[in-house]
Undergrad: 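Can you read through this structure? Questions will come right after.
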Amino acid sequence: MKKKLANLLSENIPNLDKQTIYDLIEVPLNTSMGDYAFPCFKLAKELKKSPKIIAKELAEKIEKVNFIEKIECVNAYVNFFVDKEILLKHMLIPILKQGEKFGMDKSKSKGNIVIDFSSPNIAKPFHIGHLRSTVIGKSLYRIFEASGYDCISINHLGDWGTQFGKLIVAYKKYSSKEEIEQKGIQELLRIYVLFHEEAEKNPELEQQARDYFTKMEQGDEETLELWRWFKKISLKEFEDVYNLLDVQFDSFNGEAFYNDKMAPVIQELEDKNLIKVSDGAKIVELEDMPPCLITKRDGSTLYATRDITAAEYRKETYNFEKCIYVTALQQNLHFKQLFEVIKKMGYEWYKDLVHVPFGMVSIESEDKDKPAQAIATRKGNVILLQDLLTQAIQKTKEIIEEKNPTLEDKDKVAMQVGIGAIIFDDMYNTIIKDVEFSWTKVLNFDGETGPYVQYTHARACSVLRKSKLAKHCIRLVNFSFITDEASINLAKQLGNFKSILSDAANKYEPSIIARYAVNVAQAFNKFYHDVPILVDDYDVKYSRLTLVCCTIDILKNALYLLGISAPTQM
RNA sequence: GUAUCCAUAGCUCAGCUGGAUAGAGCAACGCCCUUCUAAGGCGUGGGUCCGGGGUUCGAAUCCCUGUGGGUACGCCA
């Protein structure tokens, strides 16, 4: 539609090329200003005439063609009113034809994208700080999958390091086999916190922890046995969480996986003359930023070493078009350094490495005047995801009992909606923003929330159910019966899906999908309120039901892209 | 100190590749269920777009600068 308009305009504007004209065309906020608008400011310079006069001349010059209903000139804008029937056809027919597949290019024809996300340090319980990476990563997975890529999800587990040395010390001093087997990760957390409390008084403990970790690195069977045991217990808990959130990983290759793969990479850095020795540590010097540490004074490896190794391994294994790291903003420098080292190694694919950073989560202070508190597992200042989800599901159940007590499958729906609320809340704002966790806010299901979108979807499904017409029956239709503003506005929103999806993919920003879902829901609710759907007149009813069907598909797809399920009743 | 991110309504935020009167939600107050799910819709109030310069016909948006806050900066990840 916009292209057609650009063609039409370019016939009348010889001094601008078609693409420029296309880019200049805007969609006015207010429908009283037409469906599309062309601002004439750019032309003013070239033609050396006031933009108002140009707009007026242009409006008179353009011949009316079939799809244009009216051309108006307001100030320096030429406003186009498109024939509503043609507009509706253009927006809705592709959705009606393709249904749930609309806008979802699952051909995997564009190559591979590796997404590294969630990646928690294990042996600590899953808390709200881990949630963001998990939820954003999963959404990006679906966004790129729907954009034609084959995605590979990698959980780069933090399953190696001094923290395990600490746990071994703590286990031997404060716990027992029975207690850990009985209480699982709760017990691991308890002794981990206790370790840090004791280590403040007795720094000797830290050294013991480092010694145990060194033993692990040297292949000491007794400590490795404990490590494997802790890892197994942790993974069990993580799997429960991933099942609840419906997240799957193609690979769990974490830090331990790269233990035996780093030596050749260090050698490669040496061979390429990138290594310098500073204070006994091996570093790579970088321009405009601090050097990247490759090995410690004692020869052991670091975070960056593992990430360089992992990047090379992933390129070899998956031959990715992009490799995306979903981590907190705090790791900005690390990734800048990592990408720069890869570049210095001579790999052109350093350009395909992308860091998608998100803001920090803190916990709202009970005293409102005090600042929010940082999450700190060591201090026990955490909100566990299990608790959060339990509360959200409980709250949902109460609302269902109150609003829709005869609903079937209450427990299932409560889970879908409660979890959906949490996921949606985490991605509704631009992901770079810091989040201050607040129980009252996260458990409020009014307004721009996941439940609002889900509710709208369920409402649309309900109308369709009551119509007694099957969804697949509602296909081609005479759109001349749709003339009111609420319907047309809804159709326009529905027609935006594809461009919203590509915008979200280009910006690595799931919030764009979330906000779009709310816009569609708002447009539908307005339509639902203003326009009776199940009326006696068959043609009117049928054409309005097309809008209902399209809304169902679009909302379902938008929620899918966010990793949220769309119940048909709630 | 250096780098980086952020600053828009009481609160949480959209808008930022420059364009028409700066938009939502929450909170507050008022209205709408004998009609398809009121987890909804409508209305009212609420703004020095952090300050100051600059570029431009035009700046919340771009550039410079100041302020306030977050984060990171060699042997953690």
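In what follows, chains are A, B, ... by sequence order, proteins preceding strands, each numbered from 1.
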Undergrad: Taking atom C1' in both B:rG58 and B:rC5, what distance in whole Å separates the two?
TA: 29 Å

Undergrad: So, does the side chain of A:N79 form a donor-acceptor pair with the base of B:rA20 at under 3.5 Å?
TA: yes

Undergrad: Taking OP1 and OP2 of B:rG74, is either one under 4.0 Å from a side-chain nitrogen or oxygen of A:K282?
TA: no

Undergrad: If you assign A:L302 and A:D530 each to the RNA chain B nucleotide with the nearest heavy atom, which residue ends up on the more 5' nucleotide?
TA: A:D530

Undergrad: Which nucleotide sits closest to the side chain of A:E26: B:rU71, B:rC36, B:rA20?
TA: B:rA20

Undergrad: Could you check whether A:N519 gets within reach of a base, just the sugar-phosphate, or nothing at all, counting any heavy atom under 4.0 Å?
TA: nothing

Undergrad: Between protein and nucleotides 6-10 of chain B, what N or O pairs are separated by less than 3.5 Å?
TA:
residue : atom : partner : partner atom : Å
B:rA7   : OP1  : A:K433  : NZ           : 3.3

Undergrad: Any chance the side chains of A:K336 and A:H355 put a donor and an acceptor closer than 3.5 Å?
TA: no

Undergrad: Just checking A:A37: base, sugar-phosphate only, or nothing, at a heavy-atom cut-off of under 4.0 Å?
TA: base

Undergrad: With sugar-phosphate meaning primed atoms plus P, OP1 and OP2, does A:S278 contact a base, only sugar-phosphate, or nothing at under 4.0 Å between heavy atoms?
TA: base

Undergrad: Are any of A:Y452's side-chain N or O atoms less than 4.0 Å away from OP1 or OP2 of B:rG41?
TA: yes

Undergrad: Mind checking the P distance from B:rG47 to B:rC11? Whole angstroms is fine.
TA: 12 Å

Undergrad: Taking N or O atoms only and anything under 3.5 Å, show me the protein contacts with nucleotides 22-24 of chain B, one pair per line.
TA:
residue : atom : partner : partner atom : Å
B:rA24  : O2'  : A:E448  : OE2          : 2.3
B:rA24  : O2'  : A:Q522  : NE2          : 3.4

Undergrad: Report yes if the side chains of A:T551 and A:L490 come closer than 4.5 Å at any heavy-atom pair, otherwise no.
TA: yes

Undergrad: When syn is taken as a glycosidic angle within 90 degrees of 0, is B:rC57 syn or anti?
TA: anti

Undergrad: Between C1' on B:rG70 and CD1 on A:I431, what's the gap in Å once rounded to a whole number?
TA: 17 Å

Undergrad: Check whether any side-chain nitrogen or oxygen of A:K42 sits under 4.0 Å from OP1 or OP2 of B:rG18, and answer yes or no.
TA: no

Undergrad: Expressed as a whole number of Å, how far does the P atom of B:rC36 sit from that of B:rC31?
TA: 23 Å

Undergrad: I want to verify a distance call: between B:rG74, B:rA3, B:rA39, whose nearest atom is closest to the A:L293 side chain?
TA: B:rG74

Undergrad: Taking atom P in both B:rA39 and B:rC33, compute the distance separating them and give it to the nearest angstrom.
TA: 15 Å

Undergrad: Taking only Watson-Crick and G-U wobble pairs with both distances under 3.5 Å, what dot-bracket line describes RNA chain B, where [ ] shows pairs that cross earlier ones and | shows pairs with another strand?
TA: (((((((..((((.....[...)))).(((((.......))))).....(((((..]....))))))))))))....

Undergrad: If you draw the axis of the six-membered ring of A:F257, does the NZ or CZ of A:K261 fall within 45° of it and under 6.0 Å from the ring centre?
TA: yes

Undergrad: Reckon A:R210 has a side-chain N or O less than 4.0 Å from the OP1 or OP2 of B:rC76?
TA: no

Undergrad: In whole angstrom, give me the gap between the C1' atoms of B:rC73 and B:rU21.
TA: 47 Å

Undergrad: With a cut-off of under 6.0 Å to the ring centre and 45° to the axis, is A:K2 in cation-pi contact with A:Y36?
TA: no

Undergrad: With a 3.5 Å cut-off and no angle check, do the side chains of A:Y452 and A:N525 form a donor-acceptor pair?
TA: yes

Undergrad: When all nucleic acid strands are considered with a 4.0 Å heavy-atom cut-off, which category describes A:V453: base, sugar-phosphate, or nothing?
TA: nothing

Undergrad: Given B:rG74, B:rU71, B:rC75, which nucleotide is nearest the side-chain atoms of A:A281?
TA: B:rC75

Undergrad: Students often get this wrong, so: under 4.0 angstrom with heavy atoms, is A:M570 touching a base, only sugar-phosphate, or nothing?
TA: base

Undergrad: To the nearest Å, how far apart are A:Q454 CD and B:rU37 P?
TA: 18 Å

Undergrad: A:K336 side chain: which of B:rA3, B:rG41, B:rA38 is closest?
TA: B:rA3

Undergrad: Quick one: which of A:L286, A:L338, A:T305, A:L269 gives a side-chain contact (heavy atoms from CB on, under 4.5 Å) with A:C292?
TA: A:L286

Undergrad: Determine the contact category for A:S462: base if any of its heavy atoms lies under 4.0 Å from a base atom, sugar-phosphate if only primed atoms, P, OP1 or OP2 are that close, otherwise nothing.
TA: base

Undergrad: Pick base, sugar-phosphate or nothing for A:L333, based on heavy-atom distances below 4.0 Å to the nucleic acid.
TA: sugar-phosphate

Undergrad: To the side chain of A:H529, which of B:rC36, B:rU12, B:rG40 is closest?
TA: B:rG40

Undergrad: Measure from the side-chain heavy atoms of A:R459 and tell me the nearest of B:rU21, B:rA38, B:rA39.
TA: B:rA38

Undergrad: Under 6.0 Å between ring centres: does that hold for A:F164 and A:F230?
TA: no

Undergrad: Taking the side chain of A:Y455 as heavy atoms from C-beta outward, which of B:rU12, B:rA39, B:rA20 is closest to it?
TA: B:rA39

Undergrad: Assess A:R515 against A:Y428: is NZ or CZ under 6.0 Å from the centre of the six-membered ring, and within 45 degrees of the ring's axis?
TA: yes

Undergrad: Please tell me which of A:T430 and A:V74 maps to the more 5' nucleotide of RNA chain B, matching each residue to the nucleotide holding its nearest heavy atom.
TA: A:T430

Undergrad: From the set B:rA20, B:rC42, B:rC36, return the single nucleotide nearest to any side-chain atom of A:K526.
TA: B:rC42

Undergrad: Do the side chains of A:I432 and A:P357 get nearer than 4.5 Å, heavy atoms only?
TA: yes

Undergrad: Could you measure between the two C1' atoms, the one in B:rC75 and the one in B:rG15, and give it in whole Å?
TA: 45 Å

Undergrad: Have a look at A:N75 and say if it touches a base, only the backbone sugar-phosphate, or nothing, with a 4.0 Å heavy-atom cut-off.
TA: nothing

Undergrad: I want to check a possible cation-pi pair here: A:R459 against A:Y528, using under 6.0 Å from ring centre and within 45° of the ring axis as the test.
TA: yes

Undergrad: Could you measure between the two C1' atoms, the one in B:rG1 and the one in B:rU61, and give it in whole Å?
TA: 31 Å

Undergrad: Is the centre of the A:F527 ring less than 6.0 Å from the centre of the A:F524 ring?
TA: yes

Undergrad: Would you please say whether a donor-acceptor pair under 3.5 Å links the side chains of A:Q207 and A:Y212?
TA: no

Undergrad: Out of A:R132, A:K433, A:K441, which one pairs with A:D426 under the salt bridge (charged side-chain N to carboxylate O under 4.0 Å, His left out) rule?
TA: A:R132

Undergrad: Step by step, work out the ring pair (Phe, Tyr, Trp, His ring centres under 6.0 Å) result for A:F213 and A:W160.
TA: CA-CA 9 Å; A:F213 179 58; A:W160 199 248; 5.8 Å; yes

Undergrad: Using a cut-off of 4.0 Å on non-hydrogen atoms, how would the nucleic acid contact of A:N30 be classed: base, sugar-phosphate, or nothing?
TA: base

Undergrad: Across the strands shown, which category fits A:P532 at heavy-atom distances under 4.0 angstrom: base, sugar-phosphate, nothing?
TA: base

Undergrad: Could you tell me the separation between the CD1 atom of A:I564 and the P atom of B:rA39, rounded to a whole number of Å?
TA: 19 Å

Undergrad: Which whole number of Å gives the distance between the C1' atom of B:rG68 and that of B:rG51?
TA: 11 Å

Undergrad: Donor-acceptor pair, A:K410 side chain versus A:P405 backbone, under 3.5 Å?
TA: yes

